[in-house]
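Taking it in order: structure first as structure tokens, then the write-up.
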Amino acid sequence: MTALGFLYPGHSGEDDYPRIEQLLGSDIRVDLVHTDIGEDAHRVDALREMGSAQRLAAGVAELRLAGADAVVWACTSGSFVHGWEGAHDQVRALARAAGLPASSTSFAFVHAAQEIGVRRVAIGATYPQDVAGLFADFLRAAGVEPVDVVGSGVITAAEVGTWTESQVLALARAADRPDAQAVLLPDTALHTAAHIPALERELGKPVLTANQVTVWEGLRLADRRANAPELGALFTREPVVQA
């Protein structure tokens, strides 16, 4: 059994995780611990506090007791708002607290883009434009080039968690550009796990979504691969060890 541990802020799009676990099947377990979100606001100061070392450390003991093989901070905005170096510091502190390999959703996007071999991406963010721009800066620091960034201006994760499939598709369409090799939807509050095949059919290219890449990152840290085509192009890369 491979046990993947995730620290998820509050309650909004966490339904994606049991769905992804079902699609992975076999001997991969997804354990989710909810961290204290503090103020629910897509605002830089609130996001920095949400991803503070103290808030993350509070959930680590439960994941350790569950036997997690790796831990991922399942929050994009609560990691990239610290900048490239600050996000590294955040992950290092998490790894020390957990005594486990650790990462965050922001780094998951970078590693997933590298995995599928894309460098030019379009970003469809639920965040306000200034916060979405910080995600673009983070990607550039990693050598991934955003060709366009679309922000939706949504302030709270609670509102994002209510978005329907049609709204998710509309965001992806609005973000897509002909020169983008993939479209990225960076909010873990957004329910996307059920929609990835439809998104990729609609756009004709890979779509990377926050909860999808977060689980993939946990597998990467645990040195596991899983062939799960219903989770998109990211989960159909070769060589594959069938889960």
Checklist entry - Aromatic ring centroids of Phe109 and Trp216 under 6.0 Å? => result no
Residues at least two apart in sequence or cross-chain that pass ring pair (Phe, Tyr, Trp, His ring centres under 6.0 Å) with His111, listed by chain then number, are none
Got a list of side-chain donor-acceptor pairs under 3.5 Å for residues 171-178, not counting sequence neighbours?
{"from": "Arg173", "atom 1": "NE", "to": "Glu202", "atom 2": "OE2", "distance (Å)": "2.8"}
{"from": "Asp176", "atom 1": "OD1", "to": "Lys205", "atom 2": "NZ", "distance (Å)": "2.8"}
{"from": "Arg177", "atom 1": "NE", "to": "Asp148", "atom 2": "OD2", "distance (Å)": "2.8"}
{"from": "Arg177", "atom 1": "NH1", "to": "Ala174", "atom 2": "O", "distance (Å)": "2.8"}
{"from": "Arg177", "atom 1": "NH1", "to": "Ala175", "atom 2": "O", "distance (Å)": "3.3"}
{"from": "Arg177", "atom 1": "NH2", "to": "Asp148", "atom 2": "OD2", "distance (Å)": "2.5"}

Which of parallel (below 30°), tilted (30 to 60°) and perpendicular (above 60°) describes His88 and Trp84?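 Ring orientation of His88 relative to Trp84: perpendicular.
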Which of parallel (below 30°), tilted (30 to 60°) and perpendicular (above 60°) describes Tyr17 and Tyr8?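 Perpendicular.
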Ser166-Thr164 side chain donor-acceptor pair, cut-off 3.5 Å |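 Yes, Thr164 and Ser166 have a side-chain donor paired with an acceptor closer than 3.5 Å.
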[atom1]/[X]: more than 12 non-hydrogen atoms of other groups inside 6.0 Å:
| X | atom1 | value |
| --- | --- | --- |
| Glu230 | CD | no |
| Arg19 | CZ | no |
| Gln181 | CD | yes |
| Arg119 | CZ | no |

From CG (Asp40) to CE (Met50), nearest 0.5 Å:
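The CE atom of Met50 is 8.0 Å from CG of Asp40, to the nearest 0.5 Å.
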*Expected output: side-chain Thr76 to main-chain Pro186 donor-acceptor under 3.5 Å*: yes
Here the salt bridge (Lys or Arg N to Asp or Glu O under 4.0 Å) pairs for residues 70-95, sequence neighbours left out, are Asp89-Arg92
